[in-house]
Structures are given as C-alpha cells and as structure tokens.
Engineer: 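Before anything else, here's the structure in question.
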There are 2 protein chains.
Amino acid sequence: MGEIESVTETPGYRPLYRQVYDIVVRQVAEGKWRPGEALPSEQTLAREMGVSQGTMRKVLDSLTAEKLLERRQGKGTFIAENTQERALFRFFRMAHPGGQRAVPERARESVRVRVSRAPERVKLDLARTDRVVEITRTRCIDGRPAVHELIVIPSALFPEIEKRASLPNTLYSLYQTEYGINITAAHEELRAELATAADAKALQIAAGSPILVIDRVAVSLREQKVEWRTSRVRSDDLVYAVKLT
Amino acid sequence: MGEIESVTETPGYRPLYRQVYDIVVRQVAEGKWRPGEALPSEQTLAREMGVSQGTMRKVLDSLTAEKLLERRQGKGTFIAENTQERALFRFFRMAHPGGQRAVPERARESVRVRVSRAPERVKLDLARTDRVVEITRTRCIDGRPAVHELIVIPSALFPEIEKRASLPNTLYSLYQTEYGINITAAHEELRAELATAADAKALQIAAGSPILVIDRVAVSLREQKVEWRTSRVRSDDLVYAVKLT
DNA sequence: GAGTGGTCTAGACCACGCA
DNA sequence: GCGTGGTCTAGACCACTCT
C-alpha cells in the first residue's frame, strides 16, 4: 500500500481506509469509470488495493453516503448518475407550501462569455485574467415564470459550453457527463428582497413584491468552487423547503 | 436476541443490528441515561445484548451519525448534550452575509396556555381538545432586534412550562433536560414577506421592508411533531445559510 | 447456481485519555 | 498501565439478481 501525503492538519496518523478512500475518489474524479458504470466487485477492488474486504467495504460505504457511488445488493457498485430526477431535487429546494415538490421547466436562457469581475473572482477563487461564462435563464413552475437566475462558471472548466444549441434543465448532469465535473455540495444563502422592475418583468409579478433571493456556490468533488448562482424566486405560492438534521 | 416487531414495509427480514438499534433508541428515549452521561463500553453493551462487538459498534456508530450519541476515543460513549453552543447552531441558520454565524441573544418573551386552533392541530397532529403553550419572543443579534417568533407546543408534553420564571435562549436543551424530549430534525419552509406594522415595531425596521419568514416543525426522536415555530427575521444584514449535500 | 452486496463474528493491534 | 474507542483482518453465511 503506497503512502499518500496530505496537507491536512493530521500529519501523524493516516488510517488505511483513508488512503484507499483518497485513491478511489481520485480515480472517480479522473473518470476511470463513466456515470452509471459498474465498478469491480468489493473483493476484486480489495485484492487490487491490497486490503481486506472489510476495509474496502468501509471505503465504498462512505462514498455511497456521499452520493458518489450507488450500491445495489446482488448487482454491484455503480458511479452515481446525476439523472434528471435526482439532480433536480437534490439541489432545487423550491416546493409548494405544505410540502409537495415543485418541478421547474426550462423557459428562456442566454449564454455569453466575458471577462470576470471582482466579486466573481472572490466567490470562485479565480485569477484576474480568467474568463467566465454567464448564463441567465428563467424557469417556470406550473406554467408560470417562477425563477430568474444568473449563473457564472469559469470558462476554463467548461470549454465551448457557450456553443451548445441549448442547455438542459438540470445543468449539473451536463457538468458531470460532458465536462467531468461532479457537484457534491452547495452553500446557499437566502435573503428577502423586493422585486425590481427587471424581476417584475421576468417573473410577471408586481414590482415591490417580496421575493426570495438565493445565493449559491456549488462545490465539486475536487473541492473546487465551480459555479456561482443567484436565483430570484417568486414567493407568492412557493417556499424554500429544507430538512435540518 | 429477542424478535422485535415493526410496522415498516420490510416484514420479511430484520437484521440483528436493526433490532439492537431500536432497543438502544428506546432506552435513550426513556432516559435510561442522562444527557452527558456515559454509556457502558462497547464490549459490555455487546455482551449484554448478546451480539458481537462489531455489531454493537455498527449500532453505536449510526446513533452517533444521528447526533444522538457522542463517542470520544479513549473516554467512552456519551448521550449527546444539546449544549447551548450546539443546540444553537444546529438549527439556527441565520448568519452574516459571507458566512460568519450570527449569535442570537434572548430579549423579550411571553408565555401562555390556550386551546389549540385548527392549523396547529394539523401541524402537530393534535386532537380537538388538546391545549397548547404559546410562546412569543424577540431575539437580538449584535444588540439589534432580529428575530420575532411564535412558538406553539402541545401543553401535554411540557407540563407547567408556562410557570417557569424564564426560558433559556436555546429551548431545545430545555426540552431535553427537563421534559425528556430530544429534537432530532426540523422541517423548514422559507418565504419572503413584507414587514407588517407589528413586525416593524418588534424588529425596529420600516413597515414594508422585505423579511424572511421561516416556518418550522421540529420532530423528536420518537418521530413526534413537537413544536411549530414561525420566525420572522430581518433580512437587511442577515441571511439564512445552509449547506446542501 | 454463480456472483454481488449485506450481515455477523472473533480476535488482533493501534491511538487516545487518564490516573 | 489500563480501559476506551478506532482500525484491520479473515472467514462464514444470508439476501438479492440474473441466467
């Protein structure tokens, strides 16, 4: 078992399963297996890595808990797919009051590449000369405009994304399948604001109505800040639903 | 190992660790050990329950993941305490924009017992004749009023709570230590509203300002809906921060 | 029946906290 | 030095899926 150095603050002791974990994460991040593809069996992987099945299991179980893998008894271990369904509901928290999840449909969008601005460089850890892709789009719920958002991503990570004919409703499955970027977490900050004239037009509500503004930074498997998204959402019959544990 | 019946939809097969898990949860819920108290060691518990140490470990680890227990290497396994710090930041999500957690201080409160109303009975699964305790309070952040909330709890679960001289800032540690009720999860729904005259007065902001309204139902270890709380929060320099995974 | 993940065991040794 | 949780192993058997 090769030693693996790290920059964390725990220099002294590094359990075996932690080292194996890092190896597997790196292999997944490098795209050794495609989304939906099966990994070798527990036993095989354990043999390859030179550890016991129990240790390998611990690794695969924790990766499953982080939703990077999926295990199905009797079938195998698979790279988790950000399917439409899953990608949509994992990070899209809007719902109808009382609980039923709201399903957004794609409406209008525009994409352009431009130089980065200071706040974006801070949010996404970019250098002065980095370029970004700016996506603005509106999404509907139940046929009515509901979400108006501005999405900023580093151009370097998504080459020529602006040349695509159209973007899917769930960007994160596109990030995964076309650019090899797995979104594993998102930090969101919510505040209440009054609808501006632009909001009013995009969301077909009265200017001055209260709206929810959601500021999100999405983080990849490699712990890189990959996307900054600001969503402005109608709050008349929609709520942001979250379960705290 | 005694068989334990359940009402879930998995009637056929019931792993050992699941049965042990349920036993330990019941014992914790019944207050067999006090908050902060140490449980017997893994080995001892395993012997008592008639299972291997590995199986016992699986049980204790999953209870730790659910924040019901805490394990400290070299010291032991303890009933998790809803200390001020922890209880505060586990469910109180308000922060300053950019990330730093905001610390609320208790300001004004009033408590009274009254008959339950229809919406409360729906939210908390109460019967027609059940009485509730209503707590209204205002909390400050950085010395300024920031949160104005209405809390409704079933009177039956919190006998004579209304006779206490004052309530702590973190109600959930009170629920745990004085009434044996562990809050383990909370469902929150957020929306944006305009400050009413009452909001304006309580929060010292202008009427018509946008505010965040947080509707929470807190759930106990026994999966009982224990508290319904509506918080109205200033949104001028505070945000609701959450990490989605 | 063969292959996979899921459970369970028994035992060894390591890291940590404390007296 | 002892007791605790944390890691690691080797092997058995069970439940599920597919052929």
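Note that the structure is a prediction, hence the values are computed from the model and not measured. Labels below follow one simple rule: chain letters A, B, ... track the order of the sequence lines, proteins then strands, and each chain is numbered from 1.
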Engineer: Please identify the 5'-most and 3'-most nucleotides of DNA chain C with any atom under 4.0 angstrom from a heavy atom of chain B.
Structural biologist: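 First and last nucleotides in contact are C:dT7 to C:dC18.
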
Engineer: Answer yes or no: does a side-chain N or O of B:Thr77 lie under 4.0 Å from OP1 or OP2 of D:dG5?
Structural biologist: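 So the side chain of B:Thr77 is within the cut-off, an N or O lying under 4.0 Å from OP1 or OP2 of D:dG5.
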
Engineer: Looking only at atom types and distance, does a side-chain atom of A:Arg101 sit under 3.5 Å from a main-chain N or O of A:Phe89, one as donor and one as acceptor?
Structural biologist: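 At least one qualifying donor-acceptor pair exists.
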
Engineer: Between the two ends of the helix from C:dG1-D:dC18 to C:dC18-D:dG1, what is the bend in degrees, rounded to 10 degrees, where each end axis spans five pairs?
Structural biologist: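 End-to-end axis angle for the helix from C:dG1-D:dC18 to C:dC18-D:dG1: 10°, rounded to 10°.
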
Engineer: Ignoring hydrogens and geometry beyond distance, is a side-chain donor-acceptor pair present between B:Glu227 and B:Tyr172 at under 3.5 Å?
Structural biologist: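 Yes, because at least one side-chain N or O of B:Glu227 sits under 3.5 Å from a partner of the opposite role on B:Tyr172.
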
Engineer: Send over the distance from B:Gln43 CD to D:dC2 P, rounded to a whole Å.
Structural biologist: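 Nearest whole value for this atom pair: 17 Å.
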
Engineer: DNA chain D: B:Leu60 or A:Lys75, which has the more 5' nearest nucleotide?
Structural biologist: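 Here B:Leu60 is the residue nearer the 5' end.
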
Engineer: By side-chain hydrogen bond (donor to acceptor under 3.5 Å, both in side chains), which residues pair with B:Gln27, not counting sequence neighbours?
Structural biologist: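 Counting only residues at least two positions away or on another chain, B:Gln27 forms no side-chain hydrogen bond (donor to acceptor under 3.5 Å, both in side chains).
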
Engineer: Once salt bridge (charged side-chain N to carboxylate O under 4.0 Å, His left out) is applied, do any residues pair with B:Lys123, and if so which ones, sequence neighbours excluded?
Structural biologist: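 Salt bridge (charged side-chain N to carboxylate O under 4.0 Å, His left out) check on B:Lys123 returns B:Asp215.
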
Engineer: Hey, are the side chains of B:Gln19 and B:Met49 touching, using non-hydrogen atoms and a 4.5 Å cut-off?
Structural biologist: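 They are not in contact (no side-chain heavy atoms under 4.5 Å apart), so the answer is no.
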
Engineer: Nearest whole angstrom, please: distance from the C1' of D:dA15 to the CZ of A:Arg71.
Structural biologist: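 Whole-Å distance recorded here is 14 Å.
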
Engineer: Going by the rule side-chain hydrogen bond (donor to acceptor under 3.5 Å, both in side chains), which residues pair with B:Gln176 if we only count those two or more places apart in sequence or in a different chain?
Structural biologist: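 Applying side-chain hydrogen bond (donor to acceptor under 3.5 Å, both in side chains) to B:Gln176 gives B:Asn182.
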
Engineer: Output a table of donor-acceptor pairs, distance under 3.5 Å, between side-chain atoms of residues 158-166 of chain B and any protein atom two or more places apart or on a different chain; print 'none' if there are none.
Structural biologist:
residue	atom	partner	partner atom	Å
B:Glu160	OE2	B:Lys163	NZ	3.2

Engineer: Using the rule side chain to side chain donor-acceptor pair (under 3.5 Å), only one of B:Gln43, B:Lys58, B:Arg47 pairs with B:Gln53; which is it?
Structural biologist: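 That would be B:Gln43; it is the only one of B:Gln43, B:Lys58, B:Arg47 passing the side chain to side chain donor-acceptor pair (under 3.5 Å) with B:Gln53.
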
Engineer: Check every strand shown and say whether A:Arg72 touches a base, only sugar-phosphate, or nothing at a heavy-atom separation below 4.0 Å.
Structural biologist: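 If one applies the 4.0 Å heavy-atom cut-off, A:Arg72 turns out to touch the sugar-phosphate alone, with no base involved.
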
